[in-house]
There are 2 protein chains.
Amino acid sequence: MPYDPSDFPPFAVTVDLVVLTVRRHALCALTVTRGEEPFQGQWALPGGFVRADEDLASAAARELAEETGLRTQDAGSQHAGAYLEQLATYGDPGRDPRMRVVSVAHLVLAPGLPAPTPGGDAGGAQWTPVPGLLAAGGGAGGARLAFDHARILADGVERARSKIEYSSLAAAFCPAEFTVGELRRVYEAVWGVALDPRNFHRKVTGTPGFLVPVGGTTTRQGGRPAQLFRAGEATALNPPMLRPEV
Amino acid sequence: MPYDPSDFPPFAVTVDLVVLTVRRHALCALTVTRGEEPFQGQWALPGGFVRADEDLASAAARELAEETGLRTQDAGSQHAGAYLEQLATYGDPGRDPRMRVVSVAHLVLAPGLPAPTPGGDAGGAQWTPVPGLLAAGGGAGGARLAFDHARILADGVERARSKIEYSSLAAAFCPAEFTVGELRRVYEAVWGVALDPRNFHRKVTGTPGFLVPVGGTTTRQGGRPAQLFRAGEATALNPPMLRPEV
DNA sequence: AGAATAGTGTCTATTAGACATTATCGT
DNA sequence: ACGATAATGTCTAATAGACACTATTCT
């Protein structure tokens, strides 16, 4: 089956970003407001065209920086910087009414940021709580996401939920130094469940290489001062942290 | 950031297939021999262009049927037919020296087939043992795979290895009816380890909905007749089957 | 003092891993 | 009889889940 350059139909290739963070105990995704048709005025995931000379991960990192100013450290060493990995590719004909667009979605896990509106670009990116975005039909308080972005977001959230089970990725939602309690609140926000603080503490501190004590303490959560940790070298969590049954 | 059709560079979009099976206790991948430059005479993964009017999964299923005659039942109910899921997308500039090609790789798990050469197309698809293909530099008995296909194959094999841990996907390597011992040999071939037959039996038969007894017995493995099962409705395996440490 | 959070310890039911034993075939 | 594989059972160490208790801060 020989290649013939005149043989292949023209495709546009884009990257879309599922950027997740935990703000005030809630899982939030980065959304932009569409300024034009189709889906004008609705929310969408940030994204854009892949350039002729860049690879897919670079395009995703560039779009992320343009929209939020966040720097990434794609796969591998965590912190400082957001975690980025490829999520999946969406290419149904008709997913964009204007032309054939194949979008390579990426998942970004970012530490909680104080700024209500992450710095930057046009369109006004903002953090939106995930539950409202995923509610069927875009129910209470949520406009429906444009294109097939609700599906992409759902896939990204499910990836994040399952990945923190068996990896140390939850630390990507935390600042460089964090407490056991702060890490637990990340799990609780991403999974939407309450975890036993004592069993959680035993689990994460008992896994070699998962947490590295950094020496100081903090009382930013109130109560007794808590030890500060940073993420350790271990990327795999074995045996995994089990997500409680629903 | 308005869309401008004249704005985006032209991409070719292809699907590549990592088709895995277990033959004679060995994990094998489907390979084709390249008939032209570049990489003429070397092995490559089967694949081809996505057509203008088909989605990505359909393109992968079509290519699979063209190369092997295998039918798929992409995601969801298993058997009869191969399991197909999207793997990842590879789009580095220069991964194909002739033009910018973004390839959406798919993973296919197929039951062991008796025919040495799966039916079909030009190029002569054949089953090749995975270890030789993945050996660094394409060592003993193995030509190096063309393009970045060694990387794609490695990613597909790793996906298969990790997915059978927590899902019932290993049954996709088996015929519609199979024994516990045959299923165990699939795990052993995919992971490359030996498992305890007694503990394995207890694990898989003790997980509700994983295996459904179908009534008959077989002696095709020799020894005492073994009960026949088919894959049950349960797709998740919780707690997971643990891959022994290396 | 009281509320809030951190950190450690205890008990139990479940399970993975190692291994013994019996059952039923083909040769 | 012998070798192969299937199927069930036993024992132990490790662990998840439930929960008691103490420690240290702020208001």
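Throughout, protein chains are lettered first and strands after them, A, B, ... in sequence-line order, and every chain is numbered starting at 1. The structure displayed is predicted, hence computed values, not measured ones.
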In terms of the angle between their ring planes, are F200(A) and Y187(A) parallel, tilted or perpendicular, with boundaries placed at 30° and 60°? perpendicular

Distance below 4.0 Å between K203(A) side-chain N/O and dA16(D) OP1 or OP2: yes

Are R185(B) and dT5(D) close enough that a side-chain N or O sits under 4.0 Å from OP1 or OP2? no

Quick note, V180(A) side chain, CB onward, closest among dG7(C), dA18(D), dG17(C) is dG7(C)

Quickly work out the [X] [atom1] to [N] [atom2] distance and round it to whole Å.
| X | N | atom1 | atom2 | result |
| --- | --- | --- | --- | --- |
| H201(A) | dA23(D) | NE2 | C1' | 12 Å |
| N238(B) | dT14(C) | CG | P | 16 Å |
| N199(A) | dA20(D) | CG | P | 13 Å |
| Q221(B) | dA6(D) | CD | P | 7 Å |
| R243(B) | dG17(C) | CZ | C1' | 18 Å |
| R202(A) | dA16(D) | CZ | P | 7 Å |
| R184(B) | dA6(D) | CZ | C1' | 9 Å |
| M241(B) | dG17(C) | CE | C1' | 14 Å |

Identify whether any heavy atom of P197(B) sits under 4.0 Å from a base atom; if not, whether one sits that close to sugar-phosphate; answer base, sugar-phosphate or nothing. nothing

Give one of base, sugar-phosphate or nothing for R220(B), where a contact means two heavy atoms less than 4.0 Å apart. nothing

Short side-chain to backbone donor-acceptor contact, [X] and [Y], under 3.5 Å:
| X | Y | result |
| --- | --- | --- |
| E188(A) | L195(A) | yes |
| T31(B) | W43(B) | no |
| H149(B) | L45(B) | yes |

Starting at the 5' end of DNA chain C and moving along, which residue's nearest nucleotide shows up first, G181(A) or P239(B)? G181(A)

How about R161(B): does its CZ atom have over 12 heavy atoms from other parts shown lying under 6.0 Å from it? yes

With a 3.5 Å cut-off and just heavy-atom distances, do the side chain of R198(A) and the base of dA20(D) make a donor-acceptor pair? yes

Might you point out which heavy atoms bring A125(A) and E67(A) nearest each other, and give the distance in Å? CB-O, 4.2 Å

Decide yes or no on ring-ring contact (aromatic ring centres under 6.0 Å, His included) for F178(A) and F229(A), but give the supporting numbers first. CA-CA 5 Å; F178(A) 54 90; F229(A) 296 87; 7.3 Å; no

Using the 3.5 Å cut-off, write out each protein N or O paired with an N or O of nucleotides 25-27 of chain C and the distance between them.
none

